[in-house]
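For reference, the structure is listed below as structure tokens.
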Amino acid sequence: MPNSQIFIVKANGDRELFNPTKLENSLLNAGADHGAVDEIVSHVGKELQDGMSTSQIYKHAFFLLKKKQKPAATRYSLRRAIMELGPSGFPFEDFIGHVLREKGFEVLIGQKILGGCIEHEVDVVAWNENKLIMAEAKFHNKLGLKSDVKVALYVKARIDDIKENMFFYGKERKVDEGWLITNTKFTTTAIHYAECKGLTLIGWNYPKQGNLQDLILDGDLHPLTCLTSMSQSQKSLLLNRGVVLCKTVKEDPTLLRSIGFNEEKTKKVLEEIDQL
């Protein structure tokens, strides 16, 4: 059966014709060279069957890329690595806190904030000299799940109530921006509403610039879960100690030795981190 007639199943259950260009672009964006990309796309194309899931295609491509170009494979797995933070027990809002601290903000997680009418539990409060941000972190454990307009409406209503009060974070001030951050995507209606009402949305690939993927890559903020040189149980040992970023391990390699890594294993992990 020619590829043009093969339907694949997306994470949300929808069926669509297989488009090799999408696979090519995702591999190139991860840093794979054109030769490796052509070889992988050709290999995957030969193994395609009608009804295969995008997850199966990803796993196949990842396996091939890992054998050819390990650093690119690590970057290719980034989106799924963020999802693995949930099962590990490491809260998504804590990861967002790490991201914003690297951007120069002071950050507090899980704050009780008194609005004009009621008290709110705010996932992330971040501030610098210029602005005070209060953010809701919406974690999804499946790629096909999206944050819809009901979530945007809920967050906007909470931010509006919070904006009625003054707060002391660095200095006395009102909230400048309300954010809704997710590790997946938003529905088009949620995006339209947020743009209309001034609610900042940050998703995996929204907006075009300054999205979650950009924030992670620009700041070298790869989570431990993207590493291929460590097992899941080894990653969990570090995550349970509050170590979530690859760069933290690079700055303090004794963290690896503290969970039983010898010099050779430590070197392999550090080399993978350097290649990112």
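Every value quoted in this text rests on a predicted model; they were computed, and no experiment measured them.
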**Message:** With heavy-atom distances below 4.5 Å as the criterion, would you say the side chains of L221 and K247 are in contact?
**Reply:** yes

**Message:** If the threshold is 4.0 Å, N to carboxylate O, is there a salt bridge linking D50 and R15?
**Reply:** yes

**Residue of the set K156, E119, H120 for which side chain to side chain contact (heavy atoms under 4.5 Å, CB included) holds with D161** = H120

**Message:** If you define the side chain from C-beta out and look only at heavy atoms, does anything of S26 sit under 4.5 Å from L23?
**Reply:** yes

**Asked** Are side-chain heavy atoms of E16 and D14 found at a separation under 4.5 Å?
**Response** no

**Asked** With a 4.5 Å limit on heavy-atom distance, are the side chains of L100 and I133 in contact?
**Response** no

**Message:** So, using side chain to side chain contact (heavy atoms under 4.5 Å, CB included) as the criterion, who are the partners of E271 when residues are at least two apart?
**Reply:** K267

**Request:** Please name the residue in the list V244, L245, V243 that meets the side chain to side chain contact (heavy atoms under 4.5 Å, CB included) test with L224.
**Result:** V243

**Asked** Is any side-chain heavy atom of L64 less than 4.5 Å from a side-chain heavy atom of V44?
**Response** yes

**Asked** Which other residues end up in the same hydrophobic cluster as V155, if Ile, Leu, Val, Met, Phe, Trp and Tyr are linked when side-chain heavy atoms come under 4.5 Å apart?
**Response** L108, I113, V122, V125, W127, L132, M134, V151, Y154, I159, I162, F167, Y169, V175, L180, F186, I191, L199, L201, Y206

**Message:** For S231 and S233, which I'm curious about, is there any donor-acceptor pair between the side chains at under 3.5 Å?
**Reply:** yes

**Within-4.5 Å side-chain heavy-atom neighbours: K265 and L256** = no

